[in-house]
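Just so we're clear, the structure is a prediction, and the values are computed from it rather than from any experiment. This chain uses plain numbering: 1 for the first residue, then up along the sequence.
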Amino acid sequence: MAPRAATREQLAGAARAALGGGRRLEAVERVAGGSKKGVYRLVMDDATTAIAYLWDDAENYWPAAEGDDDLTDPFSPGLGLDLFQAAHARLDALGVRVPAIRFVDRDGAHCPADLAIVEDLQGENLEELLARSPGAAAPVMDRLAESLEAMRGHRAPAYGKVAVVDGGGTSRGTSCEGVVLDRALRDLAEAASRDPRIAGARDRLEERLLGLAAAVRPRAEYAVVHGELGPDHVLVDTDGNPVAIDIEGTMYFDVEWEHVFLQIRLHDAYQPLRVGGLDEDRLALYMLAQRLSLTAGPLRLLDGEFPDRAFMAGIAEHNLKQALELVHA
């Protein structure tokens with residue numbers, strides 16, 4: 001999809017503000033992969049580059065849903081500059097590499113929507129590196145494990161989005177497992193309405209969710225988690241450091257949520273990130289909940305105009321089968 005002409009005109013002034021007035025914006029290239037915000041590479045006339053994040057409704061492929069703007073819901077969409085900056089500050093303070101911020105515009109001086117311009121890391125992401133050379137990826141995985149340890153070691157007495165908790169706010173619900181259960185039941189209902197296989201197993205899936213949630217013991221401290229730390233959300237800089245992107249959903253939550261997602265996305269490559277001391281009951285609940293989320297979410301996204309439809313349908317199909325295996329085993 002080509003950027004709108006107005007977008008390029010607006011980005012030109014922001015690019016000069018971010019990178020220096022002596023440069024002129026030569027090209028705007030859409031970067032593939034974003035589903036909630038526009039991601040553009042800005043190329044200046046001296047070949048300097050940067051990445052622009054644009055949180056505009058027109059850039060969001062997800063169909064609007066009730067509660068999308070409720071920041072007290074840890075799982076509401078991570079949209080906007082406030083969430084990005086809060087997450088960036090927290091991760092940076094913990095020593096987790098994130099793209100450096102060059103410029104922000106929250107007042108509409110250049111664009112009618114929230115805008116951030118950050119450093120451009122043009123190398124491979126971790127997913128590509130793992131596929132090309134697991135050996136070359138090994139030291140990056142070791143450094144990612146160090147970043148995850150720093151995140152796991154920083155505790156908060158409340159759960160929720162970093163912007164909410166660090167701002168002294170309170171999130172909905174009474175526990176992480178309760179919030180996950182509520183969301184999983186909604187995902188189950190939504191998936192059942194869209195696929196007869198889930199509909200046929202709905203009672204068994206609901207019973208399993210309720211049973212797994214009942215086994216979880218209370219917890220009063222929470223770690224920093226990215227929430228969607230797949231290898232496509234980890235870039236690799238020129239020094240071989242992992243760089244976390246798409247960080248707006250960063251929250252204080254059960255660390256098991258992060259590790260379930262990492263297991264799902266990395267498969268056998270997850271091994272270097274494995275840690276001891278995780279709660280098996282939470283892992284079991286969160287695995288089924290994430291399988292349902294990764295079924296319902298892509299099916300919902302396909303209601304809109306998301307371009308890579310076969311890819312998204314494949315994610316839904318794979319996770320649907322995995323969810324059913326968890327109750328047929």
Side-chain angles (χ1 to χ4, degrees), residues 1-62 77-81 83-85 87-88 97-106 108-132 140 228 230-249 301 304-312 315:
M1 185 185 302
R4 299 181 298 260
T7 300
R8 173 169 179 160
E9 185 177 314
Q10 293 160 349
L11 288 173
R16 287 193 297 272
L19 301 173
R23 300 180 173 97
R24 181 176 58 83
L25 183 62
E26 186 78 20
V28 177
E29 304 168 355
R30 180 179 286 275
V31 178
S35 65
K36 295 178 182 176
K37 63 178 179 288
V39 183
Y40 297 98
R41 175 167 287 114
L42 309 179
V43 183
M44 309 305 283
D45 56 359
D46 65 350
T48 300
T49 64
I51 294 292
Y53 296 149
L54 191 61
W55 290 275
D56 187 314
D57 288 345
E59 304 281 0
N60 185 0
Y61 288 109
W62 288 87
L79 301 174
L81 186 55
L83 294 180
F84 172 76
Q85 287 190 291
H88 191 283
R97 178 86 160 88
V98 284
I101 297 174
R102 306 296 191 209
F103 177 78
V104 298
D105 177 14
R106 67 172 67 253
H110 297 280
C111 293
D114 284 354
L115 169 71
I117 296 179
V118 304
E119 72 171 305
D120 184 14
L121 297 136
Q122 294 198 46
E124 294 173 296
N125 64 32
L126 182 56
E127 186 170 45
E128 294 163 338
L129 181 58
L130 282 165
R132 179 178 63 81
V140 181
E228 293 185 337
D232 55 331
H233 289 167
V234 179
L235 303 181
V236 182
D237 71 12
T238 54
D239 295 321
N241 295 306
V243 186
I245 60 170
D246 285 341
I247 60 174
E248 295 94 310
L301 189 56
E305 299 178 0
F306 188 75
D308 197 348
R309 303 185 72 77
F311 171 73
M312 199 55 60
I315 291 175

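Between the CG atom of Leu130 and the CG atom of Asp232 there is a distance of 11.5 Å, given to the nearest 0.5 Å. With rounding to the nearest 0.5 angstrom, the CD1 atom of Ile245 is 6.0 Å from the NE2 atom of His233. The CD atom of Gln10 sits 9.5 Å away from the CG atom of Leu115 when rounded to the nearest 0.5 Å. Atom CG of Asp239 is separated from atom CZ of Arg97 by 8.0 Å, given to the nearest 0.5 angstrom. Atom CZ in Arg23 sits 4.5 Å away from atom CG in Asp46 (nearest 0.5 Å). Rounding to the nearest 0.5 Å places CZ of Arg102 at 10.0 Å from OG1 of Thr48.
Taking the side-chain hydrogen bond (donor to acceptor under 3.5 Å, both in side chains) definition, one finds that His110 meets it with nothing, sequence neighbours left out. By the side-chain contact (heavy atoms from CB on, under 4.5 Å) test, Arg106 pairs with Leu81, Asp82, Gln85, Asp114, sequence neighbours left out. Looking at residues two or more places apart in sequence or on another chain, you find a side-chain contact (heavy atoms from CB on, under 4.5 Å) between Arg309 and Leu302. Applying the salt bridge (Lys or Arg N to Asp or Glu O under 4.0 Å) test to Glu228 and every residue at least two apart in sequence or in another chain returns nothing. Applying the side-chain hydrogen bond (donor to acceptor under 3.5 Å, both in side chains) test to Gln122 and every residue at least two apart in sequence or in another chain returns Thr49, Asp120.
Of all the heavy atoms in Val236 and Asn125, the pair that sits closest is CG2-C, 4.3 Å. When all heavy atoms of Tyr40 and Leu54 are compared, the pair lying nearest together is CE1-CD2, 4.4 Å. When all heavy atoms are compared, the tightest approach of Ala113 to Trp55 is CB-O, 3.1 Å. Pro99 and Ala244 get closest at one heavy-atom pair: CD-O, 3.3 Å. Nearest heavy-atom pair across Ile117 and Ala50 is CG2-CB, 3.7 Å.
Side-chain contact between His88 and Ile247 is present, with heavy atoms from C-beta onward closer than 4.5 Å. Between Leu25 and Met44, the closest side-chain pair of non-hydrogen atoms falls below 4.5 Å. Looking at heavy atoms from C-beta onward, Asp56 lies out of side-chain contact with Cys111 at the 4.5 angstrom threshold.
Salt-bridge check for Glu248 with Lys36: failed, with every basic side-chain N at 4.0 Å or more from each acidic carboxylate O.
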Check against side chain to side chain contact (heavy atoms under 4.5 Å, CB included), Phe84 and Val118 = CA-CA 11 Å; Phe84 172 76; Val118 304; 3.9 Å; yes

Could you check Leu42 against Val28 for side chain to side chain contact (heavy atoms under 4.5 Å, CB included), going step by step and ending with a plain yes or no?
-> CA-CA 5 Å; Leu42 309 179; Val28 177; 4.3 Å; yes

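Judged as a salt bridge (charged side-chain N to carboxylate O under 4.0 Å, His left out), not a single pair has a partner in residues 12-22 (not counting sequence neighbours).
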